[in-house]
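No hydrogens, no waters, no symmetry mates; every other heavy atom, side chains included, goes into these values.
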Amino acid sequence: MFIGKRSVFIRFLQTRRYWGDCLNFMFDGSLNLSFGQKFTLIKRLYSITFSTENIPHSQKQILVFIRAILRAPRNTNGVVIEAGCFKGISSAKFSIAAALAHKDFIICDSFEGLPENDEPHEKGVYGWPIKFDAGDYAASLEDVQNNIRHFGEIDACTFIKGWFDDTLPAFDRPVSAVYLDVDLVSSTKTCIQHFWPLMESGAVIYSQDAHIPLVIELFESKSFWCDELGCVTAPEVKYLDELLLEVVKP
């Protein structure tokens, strides 16, 4: 997983466009952190990025969710959730923010990759082919924990291992923020169905699957939100970049 000095330099050049997001983060006065704490956090995030490879997220996406973690009310018991963690690199980054915000960070994953599915994915919204097979994006619980222990704050984390259909019905804690990177529309639907009723007013769901047409259709479906979840009106879906979307609970 670790990469050499030349790759670090290349990674630095590739991520230059995110320095603007980092500067905005540093001077964001709504985050309940000192300037020094924000600077240290940014340094840790980039240290993780420069030390690892095959990262399926951008630093911009990470900072969006970290903002949500840090802005979540600290006088409630709402937890922070990541569903779908792959090797735990995003988890390590989120765990640092959760520790700073004194929030419990719940990581939900099968730790066996994607489940069997027959979803008819062909192309993403920008035309590139997409295909999800059973076992894709598999990493063991031990590997994820080791990555978080090395890079993040393992004491902030609780792990829920298993398929979402089996594990989420028993989950009943109030929720402040959710980050979904689960690829399948069936998994996305299961997560929303279980987390939405537990979410506090103002709590937010992000999905890193905004490039997948079937996932977009689900989020844009009025019948899903109103008929299946009992919402009076469907919540607004905001597209933050080519891969990330946001829904805030009224």
From [X] [atom1] over to [Y] [atom2], what is the distance, rounded to the nearest 0.5 angstrom?
X	Y	atom1	atom2	value
Thr158	Ile154	OG1	CD1	9.5 Å
Leu198	Glu200	CG	CD	10.0 Å
Leu63	Asn24	CG	CG	9.5 Å
Phe25	Leu33	CZ	CG	6.5 Å
Cys22	Gln59	SG	CD	6.0 Å

Taking the side chain as everything from C-beta on, heavy atoms only, tell me whether [X] gets closer than 4.5 Å to [Y].
X	Y	value
Val182	Tyr137	no
Phe111	Ser140	no
Ile69	Tyr179	no
Phe151	Ser51	yes
Leu240	Lys60	no
Val247	Tyr206	no
Leu31	Arg67	yes

With distance as the sole test, does Ser95 use its side chain to make a donor-acceptor pair with the main-chain N or O of Ala156 at under 3.5 Å?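 Not confirmed, Ser95 side chain does not pair with Ala156 backbone.
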
Listed once per pair and sorted, the salt bridge (Lys or Arg N to Asp or Glu O under 4.0 Å) pairs that draw on residues 216-226, sequence neighbours left out: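 Pairs touching residues 216-226 that pass the test: none.
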
With sequence neighbours excluded, give me every salt bridge (Lys or Arg N to Asp or Glu O under 4.0 Å) pair touching residues 135-149.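 Every candidate salt bridge (Lys or Arg N to Asp or Glu O under 4.0 Å) pair involving residues 135-149 fails, so no pair, neighbours aside, qualifies.
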
Indicate whether the side chain of Lys87 and that of Thr52 have a donor and an acceptor atom separated by less than 3.5 Å.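 No, no side-chain donor-acceptor pair sits under 3.5 Å.
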
Between Ser186 and Glu119, does any side-chain donor sit less than 3.5 Å from a side-chain acceptor?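 Side-chain D/A pair, Ser186 to Glu119: present.
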
Do Glu122 and Lys131 sit within salt-bridge range, that is, some charged N less than 4.0 Å from a carboxylate O?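 Answer for the salt bridge query: no.
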
Which of parallel (below 30°), tilted (30 to 60°) and perpendicular (above 60°) describes His121 and Phe132?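 If you compare the ring of His121 with that of Phe132, the planes turn out perpendicular.
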
Run the salt bridge (Lys or Arg N to Asp or Glu O under 4.0 Å) check on Glu153 and Lys93 step by step: do they pass? CA-CA 9 Å; Glu153 300 292 338; Lys93 295 175 180 180; over 6 Å; no

For a side-chain contact (heavy atoms from CB on, under 4.5 Å) check, start with the C-alpha distance between Glu246 and Leu244, then their side-chain angles and the critical distance, and finish with the verdict. CA-CA 7 Å; Glu246 172 192 80; Leu244 193 67; over 6 Å; no

Can you list the steps and then say if Cys108 with Glu82 is a side-chain contact (heavy atoms from CB on, under 4.5 Å)? CA-CA 6 Å; Cys108 306; Glu82 181 185 32; over 6 Å; no

Proximity of Phe27 and Phe35 rings by center, below 6.0 Å: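 Aromatic pair counts; centres sit under 6.0 Å.
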
Would you say that more than 12 heavy atoms from the other residues, nucleotides or ligands in this model lie under 6.0 Å from the OH of Tyr239, or not?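 More than 12 within 6.0 Å, yes.
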
Would Val80 and Phe94 count as a side-chain contact (heavy atoms from CB on, under 4.5 Å) if you check the C-alpha gap in whole Å, the side-chain angles of each, and the deciding distance to 0.1 Å? CA-CA 9 Å; Val80 175; Phe94 295 150; 5.8 Å; no

Audit row: Ile96, Ile48, side-chain contact (heavy atoms from CB on, under 4.5 Å) steps and yes/no: CA-CA 11 Å; Ile96 299 169; Ile48 297 168; 4.1 Å; yes

Both conditions, 6.0 Å and 45 degrees, for the charged tip of Lys249 above the ring of Trp196: are they met here?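 Yes, Lys249 sits over the ring of Trp196.
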
